[in-house]
Amino acid sequence: MSKNIAIVGSGFLGMTLALRLADSGHKVTLYEAANEIGGLASAWSIGDVVWDKHYHVTLASDSDTRKIVDELGLGDQFKWVETKTGFYTGGKLYSMSDTLEFLRFPPLGLVGKLRLGATIFYASRVKDWKKLEKVSVEQWLTRLSGKTTFEKIWKPLLIAKLGDAYQETSAAFIWATIQRMYAARNSGLKKEMFGYVRGGYARVLERFSEVLLKKGVEIRLNARVESVNRAPNSKIRVTTAEARRHKDIKPSVLKRRTKYATFKAAAAVTAGFSGAFLTEPDLNPGKLVTFPRTEAGEIFDHVILTCPSNIAAEMIPELTRLEKNDLASVRYQGIVCASVLTKKPLSTFYVTNITDDAPFTGIIEMSALVDKRDLGGNSLIYLPKYAAPDDEMFARGDAEIEELFLGSLERMYPQFTRKDVVEFKVSRVRQVFPLPVLNYSAGLPSMKTSIDGVHVVNSSHIVNGTLNVNETVALAERFFEGMTI
Ligand SMILES: Cc1cc2nc3c(=O)[nH]c(=O)nc-3n(C[C@H](O)[C@H](O)[C@H](O)COP(=O)(O)OP(=O)(O)OC[C@H]3O[C@@H](n4cnc5c(N)ncnc54)[C@H](O)[C@@H]3O)c2cc1C
């Protein structure tokens with residue numbers, strides 16, 4: 001029987017669930033707090049270019065991502081590229097893209113290199129990840145690689161992603177990272193082949209929203225869900241916060257043509273919602289109006305929350321104390337991620353790992369992967385700084401971050417000059433991925449709550465993998481298969 005289902009969050013998890021549920025004949029409403037769909041995978045414009053707010057690649061082994069992109073009719077738009085990896089250490093940039101380069105890598109002696117290689121190979125063969133959840137990543141890597149290699153290589157890399165929380169992180173984290181790397185290499189394509197859909201995630205999301213609308217999914221943007229409560233007759237009430245939207249709510253078409261993505265503020269999905277699927281994130285406050293929430297909320301048979309666990313805990317007041325504790329105890333790592341559109345490339349490496357002190361924790365040169373013609377002939381560089389949600393980095397303004405990051409790039413790369421920078425933009429997200437602390441899966445909140453019809457499913461339920469679109473889509477498929485409606 002067709003049910004009325006609300007999904008909170010229009011990231012890949014929410015959208016995949018919306019697709020599957022709509023295909024099964026249910027009436028689906030997708031609530032999104034932002035003024036665009038896509039969550040972490042959403043796109044924005046930088047200079048004249050439209051590209052992902054956060055760097056994204058697809059691996060050849062990402063079968064769930066590839067399946068959904070195929071379903072959206074974009075499977076033939078993948079471009080696969082052999083990429084290179086760099087290592088910035090001791091003030092110098094090294095290529096680390098093949099065995100020979102690895103053997104020449106100066107910071108480690110031969111024994112250190114052999115132990116490092118053996119550690120990676122061993123981790124790729126381990127199957128029982130649950131055992132690794134009981135051992136700290138520091139202990140495990142030191143035992144396998146030795147103290148010097150841990151201090152010189154592993155520790156800076158762990159700190160880059162996890163900050164000081166690496167000390168509480170289990171070995172399952174590095175195992176999952178190495179497994180993903182190996183799966184990519186064993187997928188039939190040559191090593192280090194990374195892929196992207198031409199036009200980036202803007203294009204995928206644009207198509208995704210079109211498909212969802214065609215299937216009758218109602219997409220509400222600027223619709224932050226404030227609370228989810230029990231309602232009479234075993235129904236669930238969803239109440240949104242006072243929302244902000246563009247003044248013009250009339251269906252109108254606003255096209256900003258780029259090579260692949262067309263920004264549309266078209267066909268208001270529901271009266272009162274903008275229907276703009278991809279809009280500029282920094283809306284001009286002068287053009288915004290607020291409209292009152294419907295006090296009564298809206299009634300559904302099922303509500304699926306895909307937002308971070310701690311947000312979900314606050315949203316559902318009728319959960320038991322234990323459930324709230326479980327949800328609130330998931331700790332997240334956030335990110336301050338700068339996009340730099342510049343006229344000249346930095347290097348030929350897609351990823352450059354950094355073991356020296358730097359204000360960012362790595363360098364991702366998207367233009368080492370993406371055809372420069374898709375980037376208006378420019379280079380697109382991401383400078384991520386992973387940080388705890390309460391890190392002082394989140395309080396810094398764009399201008400301060402720009403000065404800090406570009407100053408550091410100038411010192412690291414003598415040929416880099418900020419005169420070439422076309423635009424510098426900063427994205428801040430306080431909850432990106434749950435910290436894989438010791439015994440993580442044992443304390444995992446259940447996806448089914450004590451309130452019939454209310455489900456919480458999000459990246460905290462990815463227990464033996466890293467955060468990526470493939471794991472996210474796979475989680476959505478798993479949840480949908482197991483959902484009894
Ligand atoms: C820097 C970075 C690099 C990455 N690189 C890659 C990569 O190379 N390859 C890859 O495959 N993946 C990559 N990922 C991961 C990928 O982006 C995620 O796996 C995926 O986007 C997660 O989707 P999600 O739906 O689970 O969560 P999200 O995308 O976070 O979606 C949750 C949504 O819920 C909304 N929301 C929150 N609260 C409310 C509320 N109260 N009411 C309504 N809506 C709400 C949010 O606005 C958001 O849109 C990367 C991520 C980051 C941040």
Side-chain angles (χ1 to χ4, degrees), residues 6-18 29-43 52-59 61-66 68-69 83 160-161 180 184 194-197 200-201 204-205 208 219-228 238-241 243 277 281 293 303-316 332-339 350-351 360-362 364 366 369 382-387 427-434 456-462 465-476 479:
I7 297 174
V8 181
S10 75
F12 261 81
L13 189 45
M15 286 192 297
T16 307
L17 283 171
T29 305
L30 199 50
Y31 286 92
E32 171 53 56
N35 62 338
E36 61 197 338
I37 57 163
L40 295 175
S42 59
D52 311 356
K53 235 181 243 179
H54 307 111
Y55 50 94
H56 279 82
V57 288
T58 303
L59 307 191
S61 51
D62 286 347
S63 50
D64 289 281
T65 307
R66 293 178 72 176
I68 210 127
V69 173
T83 58
K161 196 85 191 228
R180 182 163 165 79
F194 285 165
Y196 68 97
V197 172
Y201 269 94
V204 178
L205 292 169
F208 214 149
I219 304 173
R220 308 241 177 132
L221 301 173
N222 301 321
R224 177 177 294 282
V225 172
E226 208 166 60
S227 64
V228 173
V238 170
T239 311
T240 48
F277 305 118
R293 62 180 174 191
V303 178
I304 308 168
L305 294 98
T306 70
C307 51
S309 295
N310 52 343
I311 297 179
E314 285 169 16
M315 241 189 258
I316 322 169
Y332 283 86
Q333 183 74 330
I335 196 170
V336 172
C337 188
S339 294
Y350 172 65
V351 175
F360 35 79
T361 47
I364 289 82
M366 198 43 87
L369 171 75
Y382 293 89
L383 303 174
K385 164 77 181 167
Y386 287 92
S427 158
R428 299 170 183 81
V429 187
R430 285 179 198 263
Q431 281 111 3
V432 173
F433 65 90
V456 179
V457 48
N458 58 35
S459 56
S460 71
H461 296 102
I462 299 171
T466 57
L467 179 75
N468 56 70
V469 172
N470 194 62
E471 290 286 354
T472 301
V473 172
L475 174 64
F479 177 76

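Along the sequence shown, the residues carry numbers beginning at 1. Each ligand, and each atom within it, is numbered from 1 in the order the structure gives.
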Nearest-option assignment for atom 44 (N) of ligand 1, heavy atoms, candidates G39, A33, G11: A33
Identity of the nearest option to atom 49 (O) of ligand 1, non-hydrogen atoms only, from E32, H56, R180, R224: E32
Tell me which protein heavy atom sits closest to [atom], plus the residue, atom name and distance to 0.1 Å.
atom                    : answer
atom 29 (O) of ligand 1 : L40 N, 2.8 Å
atom 11 (O) of ligand 1 : V469 N, 2.8 Å
atom 42 (N) of ligand 1 : V225 N, 2.9 Å
atom 9 (N) of ligand 1  : V57 O, 2.9 Å
atom 2 (C) of ligand 1  : H54 CB, 3.6 Å
atom 34 (O) of ligand 1 : G9 CA, 3.2 Å

Are [X] and [Y] packed together at the side-chain level, in the sense that at least one heavy-atom pair is separated by less than 4.5 angstrom?
X    : Y    : value
T240 : R224 : no
Y332 : N310 : yes
I462 : F433 : no

Polar side-chain atom of [X] near backbone of [Y] as donor-acceptor pair, under 3.5 Å:
X    : Y    : answer
N458 : C307 : yes
H56  : H54  : yes
T306 : V8   : yes

So, is [X] polar-close to ligand 1, with some N/O to N/O distance under 3.5 Å?
X    : answer
C307 : no
A34  : no
F12  : yes
V8   : no
T306 : no
L467 : no
T472 : yes

With heavy-atom distances below 4.0 Å as the criterion, list the atoms of ligand 1 near [X].
X    : value
Y31  : 43 (C), 44 (N)
A41  : 21 (O)
I335 : 1 (C)
N468 : 10 (C), 11 (O), 12 (N), 15 (C), 19 (O)
V432 : 53 (C)
A223 : 42 (N), 43 (C)

Distance in Å, [X] [atom1] paired with [Y] [atom2], rounded so as to fall on 0.5 Å steps:
X    : Y    : atom1 : atom2 : result
S459 : E471 : OG    : CD    : 11.0 Å
R220 : I37  : CZ    : CD1   : 16.0 Å
I7   : L13  : CD1   : CG    : 8.5 Å
K53  : S42  : NZ    : OG    : 3.5 Å

Close approach, Y196 and ligand 1, non-hydrogen under 4.0 angstrom: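 Y196: no contact with ligand 1 (<4.0 Å).
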M315 to ligand 1, any heavy atom closer than 4.0 Å: yes
Closest contact, heavy atoms only, S309 versus S460: OG-OG, 3.4 Å
Minimum heavy-atom distance between P308 and Q431, given as atom pair plus value: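 In terms of heavy atoms, the two residues are closest at CG-CB, 3.8 Å.
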side-chain contact (heavy atoms from CB on, under 4.5 Å), paired with F12, selected from L40, T65, L205: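 The option that passes is L205.
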Qualifying residue for side-chain contact (heavy atoms from CB on, under 4.5 Å) with V228, from T239, V456, V303: V303
Of the backbone atoms (N, CA, C, O) and the side-chain heavy atoms from C-beta on, which set of [X] has a member under 4.0 Å from an atom of ligand 1: side chain, backbone, both, or neither?
X    : answer
Y386 : side chain
D62  : neither
Y55  : both
S42  : neither

F360 six-ring centre to K385 NZ/CZ under 6.0 Å and within 45° of normal: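 No cation-pi geometry.
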Any side-chain donor near an acceptor of the partner, S63 and N470, under 3.5 Å: no
